[in-house]
Amino acid sequence: MNFSQLGLAPAQVRSCESLGYTEPTLIQQQAIPVVLSGQDLIGCAETGTGKTAAFLLPIIQGITKAEPETAAAHRKQLPKGPLKARVLILAPTRELASQIEKNYVELNAVKSNRSVTLIGGASMVRQMHALRRNPTVVIATPGRLLDLVERRLLDLSAIEVLVLDEADRMLDMGFLPAIRRVLSLVPAKRQTLLFSATMSSSTESLARST
């Protein structure tokens with residue numbers, strides 16, 4: 001099986017080829033068609049199995065296929081109020097969030113679909129400036145994300161796709177209250193993708209609540 005057989009557009013397939021991805025991994029084979037269809041997904045996959053590309057490739061394709069007028073308006077908009085992004089990817093650690101950002105930049109053929117990474121331990125001022133560039137995709141750790149929401153620099157009411165990556169680790173690290181807060185701020189009508197290396201009772205409970 002190759003990437004084009006999963007329903008990916010030629011631009012996305014070329015991105016895969018440029019990075020040396022020739023054959024999709026098991027999680028990519030299973031997840032990409034589901035994400036492209038707009039359905040919610042719960043996936044069990046560890047780091048190193050290709051799960052990041054499994055959600056990034058179809059997400060990038062989805063936001064690229066937006067109506068040209070809508071996409072252009074989003075890019076030109078210089079929000080006077082909080083940024084309203086379309087995609088939110090939550091990760092438990094700064095290292096994972098940074099890795100997701102790196103993968104996004106590598107796979108994203110449409111450079112106008114900007115991303116921003118919001119993590120603790122990094123310059124808040126730089127992140128505030130990055131938000132003013134009107135990114136389409138927000139990649140964040142829960143604490144810094146909610147900090148910027150509370151400062152009214154970020155509005156989650158327009159999120160179309162929510163990704164909870166390594167959900168089990170987020171729960172182990174005590175982020176459940178923060179995740180619940182995020183869930184209360186994003187629209188009820190959205191696509192939710194949850195990835196976890198294990199499916200404990202607490203992770204399963206979180207999955208049902210999303």
Side-chain angles (χ1 to χ4, degrees), residues 15 35 52-53 55-167 170 173 175 177-195 210:
S15 294
V35 181
T52 304
F55 62 77
L56 283 182
L57 284 166
I59 284 174
I60 291 169
Q61 181 161 314
I63 59 179
T64 302
K65 285 175 63 177
E67 290 293 330
E69 296 83 0
T70 304
H74 181 80
R75 290 194 297 270
K76 290 179 181 178
Q77 175 194 7
L78 293 175
K80 296 179 181 178
L83 166 76
K84 291 187 177 182
R86 297 172 58 195
V87 177
L88 172 60
I89 302 170
L90 276 185
T93 65
R94 293 177 291 177
E95 293 76 16
L96 180 57
S98 298
Q99 183 60 48
I100 295 170
E101 165 75 5
K102 178 177 180 291
N103 292 154
Y104 179 84
V105 171
E106 292 172 340
L107 294 170
N108 179 31
V110 182
K111 300 309 177 185
S112 55
N113 288 328
R114 299 187 185 97
S115 61
V116 61
T117 302
L118 308 176
I119 54 177
S123 169
M124 175 78 78
V125 173
R126 288 184 181 178
Q127 292 174 9
M128 290 165 62
H129 285 306
L131 287 173
R132 294 193 184 101
R133 297 180 66 227
N134 204 28
T136 306
V137 176
V138 172
I139 303 162
T141 50
R144 178 56 59 93
L145 175 80
L146 291 175
D147 191 358
L148 289 164
V149 168
E150 289 168 4
R151 291 171 183 255
R152 300 183 183 237
L153 296 169
L154 185 59
D155 182 343
L156 304 182
S157 65
I159 294 297
E160 300 168 13
V161 183
L162 171 65
V163 181
L164 302 176
D165 196 12
E166 298 199 1
M170 283 199 276
M173 294 171 69
F175 284 130
I179 294 172
R180 285 178 172 161
R181 174 66 175 149
V182 170
L183 292 174
S184 73
L185 296 171
V186 297
K189 186 178 181 181
R190 66 177 187 274
Q191 183 179 25
T192 303
L193 314 175
L194 183 148
F195 290 87
T210 60

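- Within a 6.0 Å sphere centred on CZ of Arg190, other residues, nucleotides and ligands contribute more than 12 heavy atoms.
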CA sep, side-chain torsions, deciding dist, call: Val35, Gln191, side-chain contact (heavy atoms from CB on, under 4.5 Å)
CA-CA 8 Å; Val35 181; Gln191 183 179 25; 3.9 Å; yes
Could you walk me through whether Phe195 and Thr52 satisfy the side-chain contact (heavy atoms from CB on, under 4.5 Å) test, starting with their C-alpha distance in whole Å, then the side-chain angles of each, then the deciding distance to 0.1 Å, before giving a yes or no?
CA-CA 9 Å; Phe195 290 87; Thr52 304; over 6 Å; no
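- Between the side chain of Asp165 and the backbone N or O of Ile89, no donor-acceptor pair lies under 3.5 Å.
- In terms of heavy-atom proximity, Ala85 sits nearest to Val138 at CB-CG2, 3.6 Å.
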Give the C-alpha distance, both sets of side-chain angles, the deciding distance and a yes or no for side-chain contact (heavy atoms from CB on, under 4.5 Å) between Val182 and Phe175.
CA-CA 11 Å; Val182 170; Phe175 284 130; over 6 Å; no
Please walk me through it: do Arg133 and Val116 pass side-chain contact (heavy atoms from CB on, under 4.5 Å)?
CA-CA 9 Å; Arg133 297 180 66 227; Val116 61; over 6 Å; no
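- Of all heavy-atom pairs spanning Pro135 and Ala130, the tightest one is CD-O, 3.5 Å.
- Annotation: side chain of Val163 is not in contact with side chain of Ile100 (no heavy-atom distance under 4.5 Å).
- Nearest heavy atoms, Gly62 versus Arg86: O-NH2, 4.4 Å.
- Leu145 contributes atom CG, which lies 9.5 Å from atom CD of Glu150 (distance to the nearest 0.5 angstrom).
- Expressed to the nearest 0.5 Å, how far CG of Leu83 lies from CG of Leu131 amounts to 5.5 Å.
- A side chain to side chain donor-acceptor pair (under 3.5 Å) with Thr117 is found for one member of Lys102, Gln127, Glu101 and no other, namely Glu101.
- Among all heavy-atom pairs drawn from Ser157 and Lys84, the shortest one is OG-CE, 3.8 Å.
- Checked by atom type, the side-chain pair Arg132/His129 shows a donor-acceptor distance below 3.5 Å.
- The line from CG of Leu148 to CG of Leu118 is 5.5 Å long, rounded to the nearest 0.5 Å.
- Arg144 and Ile119 get closest at one heavy-atom pair: NH1-O, 3.2 Å.
- When all heavy atoms are compared, the tightest approach of Pro142 to Ala91 is CD-O, 3.4 Å.
- Within the model, atoms OG1 of Thr141 and CG of Leu146 stand 9.5 Å from one another, a figure rounded to the nearest 0.5 Å.
- From Ile159, atom CD1 reaches atom CG of Leu185 across 10.5 Å, with rounding to the nearest 0.5 Å.
- Two residues are said to be in side-chain contact when any heavy atoms from C-beta on lie closer than 4.5 Å; Tyr104 and Asn113 meet this criterion.
- Rounded to the nearest 0.5 Å, atoms CG (Leu107) and CG (Leu56) are 6.0 Å apart.
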